[in-house]
Protein chains: 2
Amino acid sequence: MRRKKEDSLETAARLLDVAREHFTEHGYAKASMEVIVAEAGVTRGALYHHYGNKQGLFETVVAAVQAEIGENVEREASRAEDPMEQLILGCRAFLEAAVAPAARRILLVDGPAVLGWEVWRRMDEENAMRHLEEQLGLLQEKGYFPGVSVPALTHFLSGALNESALWIAQQPGDSRALEDTMEVILHLLKLKTSYTTDSRR
Amino acid sequence: MRRKKEDSLETAARLLDVAREHFTEHGYAKASMEVIVAEAGVTRGALYHHYGNKQGLFETVVAAVQAEIGENVEREASRAEDPMEQLILGCRAFLEAAVAPAARRILLVDGPAVLGWEVWRRMDEENAMRHLEEQLGLLQEKGYFPGVSVPALTHFLSGALNESALWIAQQPGDSRALEDTMEVILHLLKLKTSYTTDSRR
DNA sequence: ACCATTTACATACATGGTGTATGTATGTTA
DNA sequence: TAACATACATACACCATGTATGTAAATGGT
């Protein structure tokens, strides 16, 4: 029985992967630690050693999912030069990433309830939210949203995107829900001038 | 031991009140049925008789809170004649009502996680959401939001309002968070023409 | 008015799930 | 190589929900 550092890391990673699947499929409440450790091939001892308790495990999973989405958004947004176009691309990238089952259930639905809204909010702020607020501030300096509070706008937009992602994910696969939502964003943010990324209308 | 119909209704109502307090203060997961029934002066039998299980009890509480907020929004919105002004008043009324602890914790945070997003969404649709969508459709007929999908806009706005309420509630009491959010709404929905309800700027 | 049935609970128990205390073998460090 | 820390395994305590069962009162039909 060898238990080197790398073995330990692999155990932790495997537990994280299995936990992520179970939290996604069954939700936090119905996800069983015993089932998770069994599927990961270890016992409860390993799980509690690495993550302290169920909430600690969940929090780690949340951070991982958030980081994934954040990278996606950053990468897509950086493909443009114009700040407003960056924002639009970022919003689209977020919606595309957030409709994934893991993001929906873990991040958007269970996250706030399990961790508490404040903790969840702080975690989100350190990832996606912060970039969103910076981008909106930048845009305001360029003349957009004259006189409106950037923090208020940031939270407004963030909430809108979260709920929209949940709605889009629930629509039939061939629906244009994501495109429709992007149209809403374009209309509200830019007064419907150009920038429509698709050919409609 | 008298157990008439009215006694039964009163028992159910008392349980609902106590449950609402406990769900608000401790959240769904940490709210204990035993503590609730003890505080209501009955046993677990009464609770399970009236509400089936913990989730059933919670769902009833959610419906009650939703109904309260819905009434508030409807009443305030109906104070205006102009459809856009009705929308604005409705949004403000929602924000003012949704910052209450019970609304935040039960409706906005725990609701989707406990009931599942789809169930929660359907319940919300039968209350506030439906009116919002109707109002937005009406406005579109009047020339607002040309070409945008009303369902998409409805969900976008709904999510924005929910998150904004949570944000506002968390700000220091003397902050202008609610007013700032209203400014955001006015700016995005109406391109910042008039309708500012306060004297700023 | 009386019987059958339903209602409105109380009580007791089965079950499952988390957390924690303890044990133990291995790796690591001085 | 001795001491300590790490990485788990095992066993158990402890709630908390849910369910089965019991029971007294209310209700409804005849």
Side-chain angles (χ1 to χ4, degrees), chain A residues 1-62 105-106 110 113-116 119, chain B residues 1-62 106 110-111 113-116 119:
Chain A
M1 190 191 286
R2 303 184 57 225
R3 263 171 276 191
K4 292 203 244 172
K5 193 66 175 291
E6 51 176 321
D7 295 334
S8 170
L9 291 180
E10 198 205 310
T11 298
R14 201 166 62 249
L15 278 169
L16 203 65
D17 279 351
V18 175
R20 177 174 169 153
E21 289 173 23
H22 281 250
F23 285 145
T24 301
E25 261 196 64
H26 311 291
Y28 179 83
K30 290 194 173 179
S32 164
M33 307 279 267
E34 307 226 41
V35 175
I36 290 173
V37 296
E39 193 170 320
V42 291
T43 64
R44 309 170 48 72
L47 209 164
Y48 278 89
H49 171 70
H50 284 291
Y51 299 105
N53 55 25
K54 190 178 184 182
Q55 191 167 329
L57 173 64
F58 182 76
E59 188 167 334
T60 308
V61 173
V62 166
R105 185 90 197 224
I106 295 175
D110 282 349
V114 172
L115 303 176
V119 170
Chain B
M1 190 192 287
R2 303 184 57 226
R3 262 173 278 192
K4 293 203 240 173
K5 192 67 176 291
E6 50 176 321
D7 295 334
S8 170
L9 292 179
E10 198 205 311
T11 298
R14 201 165 61 249
L15 278 168
L16 203 66
D17 278 351
V18 176
R20 178 173 168 155
E21 288 173 24
H22 281 251
F23 284 145
T24 300
E25 260 196 66
H26 311 293
Y28 179 82
K30 290 194 173 179
S32 164
M33 307 278 268
E34 307 224 42
V35 176
I36 291 173
V37 295
E39 193 170 320
V42 291
T43 64
R44 309 168 50 70
L47 210 164
Y48 278 89
H49 171 69
H50 284 290
Y51 298 105
N53 55 24
K54 190 178 184 180
Q55 192 167 329
L57 173 64
F58 182 76
E59 188 168 333
T60 308
V61 173
V62 166
I106 295 175
D110 282 349
V114 173
L115 303 176
V119 170

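Only this structure's heavy atoms are used, side chains among them; waters, hydrogens and symmetry mates stay out. Quick caveat, the model's predicted, so the values are computed rather than measured. In what follows, every chain begins at residue 1, and chains take the letters A, B, ... in the order their sequences are listed.
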> Could you run down nucleotides 10-19 of chain D 5' to 3' and tag each one B, S or - for protein heavy-atom contact under 4.0 Å?
Replying inline: B------BBB

> Quick one: does A/Glu59's side chain get under 4.5 Å of A/Tyr51's, heavy atoms only?
Replying inline: no

>> Check the orientation of A/Tyr28 and A/Phe23. Use parallel for under 30°, tilted for 30 to 60°, and perpendicular for over 60°.
In response: parallel

> Phosphate oxygens OP1/OP2 of D/dA7: is one of them under 4.0 Å from a side-chain N or O of A/Thr11?
Replying inline: no

>> Rounding to an integer number of Å, can you tell me how far B/Ile36 CD1 sits from C/dC9 C1'?
In response: 17 Å

>> Just verifying a value: how many Å separate A/His26 NE2 and A/Arg105 CZ, rounded to the nearest 0.5 Å?
In response: 9.5 Å

> Out of curiosity, B/Leu15 CG to B/Glu39 CD, how far, rounded to the nearest 0.5 Å?
Replying inline: 10.5 Å

>> Rounded at 0.5 Å granularity, tell me how far CG in A/Leu16 sits from CG in A/Leu47.
In response: 9.5 Å

> For A/His50 and D/dC8, is the shortest distance between a side-chain N/O and OP1 or OP2 below 4.0 Å?
Replying inline: yes

>> With heavy-atom distances below 4.5 Å as the criterion, would you say the side chains of A/Leu115 and A/Asp110 are in contact?
In response: no

>> Without decimals, in angstroms, what is the distance between A/Leu15 CG and D/dA7 P?
In response: 13 Å

> Taking only side-chain nitrogens and oxygens of B/His49, does any of them come within less than 4.0 Å of OP1 or OP2 of C/dC9?
Replying inline: no

> Can you check the A/His22 NE2 to C/dG17 P distance for me, whole Å?
Replying inline: 13 Å

